[in-house]
Amino acid sequence: MTTSNLSKETKAHLHAQLVKLGDMIGDGVANEPGGKWVNKEYNRILKALGMAPPRRKRRTKSPEAIAEINRLMTIRITEVQCPQCKKYSLKQSRAGSMSARCELCNFGVKLLRMTAK
C-alpha cells in the first residue's frame, strides 16, 4: 500500500489514527502491559502513508575482503585449539566468516576481529 494508491479520505483517516496512536505513545500506553500493539500499529500506518524511514541495507564485504578473511582464518584455525575439548578440530563456519566451529563438540569460537579504521 503506497501513498499514491490512497484516496484523500483514507489518507485523512490514517493521519488521524497516526495522531491518536502518537498521543497514546506519548502518554505511555505503549509501555504498559499489553500495549505493544500501539507501536506496531503506529509503524504500520507510517509505512502505509510512506512516512517510514528507509530501511538500511546490510553492508556487504568485497570479494577481496572475503578472500583475505578466508586466508587469515585458514592460518588461525591451525594455530588455535578448541577451548572446550582442547583438540585442533576447528573449521570456519562459512566463507567470509570470522568464527569457527569445533567439528567434534560443535562449540563456536570467534577467531578474528575487525580492526576499527
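What you see below is based on every heavy atom in this structure, not just the backbone, and it leaves out hydrogens, waters and symmetry mates. Position 1 is the first residue of the sequence; numbering continues from there.
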Which residues share a side-chain hydrogen bond (donor to acceptor under 3.5 Å, both in side chains) with E79, sequence neighbours left out: none

Filter on salt bridge (charged side-chain N to carboxylate O under 4.0 Å, His left out), then keep only pairs touching residues 94-108, sequence neighbours left out; what's left? none

Out of curiosity, does Y88 fall in the hydrophobic cluster containing M73 (side-chain heavy atoms, cut-off under 4.5 Å, transitive links)? no

Out of curiosity, L90 CG to F107 CZ, how far, rounded to the nearest 0.5 Å? 10.0 Å

From S89 atom OG to L104 atom CG, the distance as rounded to the nearest 0.5 Å: 3.5 Å

For residues 12-28, please give each side-chain donor-acceptor pair under 3.5 Å, one per line with the distance, not counting sequence neighbours.
none

Test of understanding: with side-chain hydrogen bond (donor to acceptor under 3.5 Å, both in side chains), list the residues that count as partners of S97, not counting sequence neighbours. S93, S99

ILVMFWY network linking V109 to I75, side-chain heavy atoms under 4.5 angstrom: no

Residues which pass side-chain hydrogen bond (donor to acceptor under 3.5 Å, both in side chains) with E41, listed by chain and number, not counting sequence neighbours: R44

What side-chain donor-acceptor pairs closer than 3.5 Å can you find for residues 63-70, not counting sequence neighbours?
unit_1	atom_1	unit_2	atom_2	d
E64	OE1	S62	OG	3.4
E68	OE1	R71	NE	3.3
E68	OE2	R71	NH2	2.7
N70	OD1	Q92	NE2	2.9
N70	OD1	G96	N	2.9
N70	ND2	I66	O	3.3

Please step through side-chain contact (heavy atoms from CB on, under 4.5 Å) for the pair L49 and L6, ending with a clear verdict. CA-CA 8 Å; L49 289 171; L6 301 175; 4.3 Å; yes

Value rounded to 0.5 Å, distance of SG in C82 from NZ in K86: 7.5 Å

